[in-house]
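Chain letters run A, B, ... following the sequence lines, proteins first, then strands; residues in each count from 1.
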Amino acid sequence: VSFLLTMLLGYAALALQATWIPYVGIAGITPDLPLIVTVLLALQRGPTTGTISGFLIGLGQDLANPGLLGLNALTKTIVGYALGNLRERFDADTAPTCAATLFVATLAHDLLYLAISTRLVLSDMLITWATRTLPTAVYTAGAGTILFLAISAFTGRRGHRLGRSHL
Amino acid sequence: MFQGLFGRYRDRTLLVFTLLLSGGLLCLDDGTQTDVARGLGSSLYLPLQAVSQGTGDLLLLKRENRQLRRVVATLALERQKLLQYRDEVAELRRVAGFAAERFPWLMPCELVGRSPDHLQTTLQLACGGGESVLPGMAVVAYAGLVGRVRQVNGEHALVETLASSQTAASVTDQRSGVVGILRWVQGKQFRLDRVDAVEDVLVGDPLVTSGLGEAFPRGIPVGVVTGVQVSLDGLFKQVDVRPHVDFAGLKEVFVVRRMVDWQDNTLYSPEETDTLHRLSAPAAAPQPQGGGE
């Protein structure tokens with residue numbers, strides 16, 4: 001059931017990213033909802049769920065952009081695994097740390113993505129990173145923190161974890 | 001072995017496995033990547049595309065509906081005034097012994113295909129024989145004349161637009177009454193032929209169909225004069241025309257199914273009349289005498 005819910009959450013993130021999120025874009029910058037879900041799942045449920053959800057959500061995104069099939073799956077898998085492992089070393093159960101984690105995760109994710117997609121052409125990579133990734137990271141951190149607070153309010157306890165994975 | 005790997009090093013095994021899978025997908029050639037994405041993506045994204053399309057249509061419809069309500073209210077006011085003029089003109093025509101004015105009865109048709117080339121632009125409409133569309137019927141858009149039905153195949157009708165070397169329309173200068181033949185030159189360029197050098201045609205004059213030859217009903221807006229020059233032999237005027245209709249941007253057109261007597265009040269069905277009254281009721285002016293619907 002937990003796995004199914006995780007998958008539904010990932011699918012919902014993909015659905016929203018493809019339908020509603022473009023309408024809340026500011027100057028073409030939109031929050032990366034699939035990444036937010038990957039990060040929150042990894043922080044809440046650990047490296048196994050982080051890895052699987054990162055891979056499947058990333059693959060779902062890649063299916064819409066077959067030119068780089070596997071790239072989102074690769075980058076989100078790494079982000080999910082890394083954050084799942086790091087979650088014991090810092091407390092991401094507060095809004096400021098959650099925002100900071102999302103901000104850094106977006107920067108790292110896009111850096112890895114651009115490094116592969118541009119084949120390490122530094123000029124292309126850095127220009128895109130500075131003009132697209134930085135504002136996206138700010139927006140993603142803001143939107144992700146609101147989602148985090150909403151989930152915390154819904155579960156009724158501040159900093160409450162969504163529950164341990166049975167994987 | 002697998003149990004050991006998945007027990008003790010579960011996270012790392014999973015990471016390596018997913019990374020290898022991602023890397024494998026990345027290393028596929030473009031064609032295979034596209035095939036894989038098409039195979040998996042179609043089932044994953046089909047419901048999303050349906051939702052997205054529906055959402056977009058809904059937002060667009062909402063905005064369009066708001067604009068149309070304002071347009072209907074304004075048109076209703078204009079219509080009330082025009083009906084007064086119609087009755088006055090009808091009375092004058094009757095006294096002078098002229099035939100009664102006729103008005104086109106329009107049937108909306110969805111545009112489902114177009115084939116623009118350097119010789120002609122044809123449109124395919126999703127309404128055909130089943131809806132009594134016949135070859136030769138005029139086709140109009142909100143802005144004005146589009147062309148005429150050339151062929152009807154089952155539920156589809158092929159329309160030859162004015163932007164075709166095969167089509168010509170007799171038009172009249174609404175200001176001076178000068179009549180000429182409108183022909184397509186190329187792209188968005190049209191020209192008015194058979195206009196004598198002494199005729200009164202000026203830049204900015206609106207052109208409407210003349211009704212001569214009965215190819216098109218009289219009075220449908222066509223375009224506006226954008227340039228007037230005397231031909232090299234000095235006998236004719238070379239009149240450049242810009243059509244009101246953007247043939248490339250058409251989405252919905254109307255087939256003129258028949259012409260009805262304007263004063264018969266059969267332009268709208270009872271249901272359409274109710275809708276018109278409902279939408280325009282707060283803004284409408286008092287009914288004029290003999291104003292009809």
Minimum side-chain heavy-atom gap B/Leu19-A/Leu74 below 4.5 Å:
yes

With rounding to the nearest 0.5 angstrom, report the CD1 to CG distance, A/Ile52 to B/Leu15.
11.5 Å

Name the region of A/Leu56, side chain, backbone, both or neither, that has any atom closer than 4.5 Å to a heavy atom of chain B.
neither

For atom CZ of B/Phe17, decide whether the heavy atoms of other residues, nucleotides or ligands shown that lie under 6.0 angstrom number more than 12.
no

Would you compute the distance between atom CG of B/Leu14 and atom OG1 of A/Thr51 and round it to the nearest 0.5 angstrom?
5.5 Å

Compare every heavy atom of A/Gly70 with every heavy atom of B/Ser22, then report the nearest pair and how far apart it is.
CB-O, 3.5 Å

For B/Leu21 and A/Phe55, which heavy atoms make the closest approach, and how far apart are they?
CD2-CZ, 3.3 Å

State which residue, out of A/Asp62, A/Leu69, A/Leu71, fulfils the side-chain contact (heavy atoms from CB on, under 4.5 Å) condition with B/Leu25.
A/Leu69

Tell me, out of A/Thr77, A/Leu59, A/Leu63, A/Leu68, who's got the most heavy-atom pairs with chain B below 4.5 Å.
A/Leu63

With a cut-off of 6.0 Å (strictly less than), are more than 12 heavy atoms of other residues, nucleotides or ligands near CD of B/Glu272?
yes

